[in-house]
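Just below is one structure, and these are the notes that go with it.
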There are 4 protein chains.
Amino acid sequence: MSNVANVAADELRLLIERAERLADEKSGIAEDISDVFKEAKARGFDTKAMKTIIAIRKKEQGKVQEEMTVLETYLSALGMQYAML
Amino acid sequence: MSNVANVAADELRLLIERAERLADEKSGIAEDISDVFKEAKARGFDTKAMKTIIAIRKKEQGKVQEEMTVLETYLSALGMQYAML
Amino acid sequence: MSNVANVAADELRLLIERAERLADEKSGIAEDISDVFKEAKARGFDTKAMKTIIAIRKKEQGKVQEEMTVLETYLSALGMQYAML
Amino acid sequence: MSNVANVAADELRLLIERAERLADEKSGIAEDISDVFKEAKARGFDTKAMKTIIAIRKKEQGKVQEEMTVLETYLSALGMQYAML
DNA sequence: TGGTTCGAAACACGCC
DNA sequence: GGCGTGTTTCGAACCA
């Protein structure tokens, strides 16, 4: 292999290793998050509800309303009482 | 291989093939369902809302209320207005 | 005019019911599959191993191409660099 | 007493905020990874191929055992039948 | 920006 | 009834 090819291969290897290292960190954090929910569950919280709340907080304000409006519209169209929700 | 072993192997093969055939059918239906939603989307419906509605209709009545109650409780605990939903 | 008017209620209902009907069929098949494994188990087969076998058989469709692709992938990653040579 | 009293509000808030903070960190890392690929792309590498390579490298940890298991799986599926021989 | 593809998260099932 | 596995679903990332 020529030097040029070697250099390219090395560069590729380094980039891949950086990506892999970061991916590992990401996995670590994902595990930490998982632990938080395990702890919450152990303390008697409903993790499903917690995740819903986090999703709501994350979504831009208007988006939640918008989704609810569509849902209510569809429920009405089907003759279902959304009051039951 | 003895006859007994052959019989067992044949039986195993038949069972596996039955399971595989059924799995194929299941995939076919899954595709059909997917097509329904594609069609719905093409007609301008919000498929996410549709799926939510289907989930609600499937869930036993009390369950939906129960989940909403927990969610509202948590939102209140966080000082969030669930009226915004 | 209410929100109801905003959606073609009948169309929506029909689509949802089609999806629900198909979902029922899918569940039915899933049950059939489950029955096959129950039967296998009753006859003394190891169902966990059977499922593994089925997974392997499924994977090995297309396995050959996949193997051939690995080297090409590496070459591809370096490919544009080769232009530099 | 309101529903609010039913949950330990502070505890809930802290858990949720911890989860959210970790989620932010995770996003940050995801962005870093994204940057690595942007950089790779800028240097002329094929990022799709790189990702494939990374996936392969990840899979091939533990690949050897897996290969060895296939025959054993078949034997296991038939295993209890052998007792009949 | 919208569609598509991909990986990760949620769900459902069977097992213990 | 909880756990682990496998499937399905969802959201994020990339491309056009």
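Being a predicted model, the structure only gives us computed values, none of them experimental. Sequence lines set the chain letters: A, B, ... in the order given, protein chains first and strands last, and positions in each chain run from 1.
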Worksheet item: A/K63: what forms a side chain to side chain donor-acceptor pair (under 3.5 Å) with it, not counting sequence neighbours?
Response: none
Worksheet item: What is the distance from CD1 of C/I53 to P of F/dG6, rounded to the nearest Å?
Response: 14 Å
Any N/O pairs under 3.5 Å between the protein and nucleotides 3-8 of chain E? List them or say none.
none

Worksheet entry | Rounded distance in Å - CG (B/D46) to P (E/dG2) | 14 Å
Worksheet item: Can you check whether A/D46's main-chain N or O pairs, donor with acceptor, with B/Y74's side chain at less than 3.5 Å?
Response: yes
Worksheet entry | Results of side chain to side chain donor-acceptor pair (under 3.5 Å) for D/K38 - residues two or more places apart only | D/S34
Fill in: Set of salt bridge (Lys or Arg N to Asp or Glu O under 4.0 Å) partners for C/K41, sequence neighbours left out
none
Worksheet item: What pairs with D/R13 under side chain to side chain donor-acceptor pair (under 3.5 Å), at least two apart in sequence or on another chain?
Response: none
Worksheet item: For residues 29-39 of chain A, which residues have at least one heavy atom under 4.0 Å from DNA chain E?
Response: none
Worksheet item: Atom NZ of A/K59 and atom C1' of F/dG11: how far apart are they, to the nearest Å?
Response: 10 Å
Worksheet entry | Any residue meeting side chain to side chain donor-acceptor pair (under 3.5 Å) with D/R18, in chain and number order, not counting sequence neighbours | A/E39
Item to complete: Give the rounded distance in Å between these two atoms: CZ of D/F45 and C1' of F/dC14.
Response: 20 Å
Practice prompt. Would you please name every residue forming a salt bridge (Lys or Arg N to Asp or Glu O under 4.0 Å) with C/E11, sequence neighbours left out?
Written response: B/R43
Practice prompt. With sequence neighbours left out, write down each residue that passes salt bridge (Lys or Arg N to Asp or Glu O under 4.0 Å) with B/K51, or none if nothing qualifies.
Written response: none
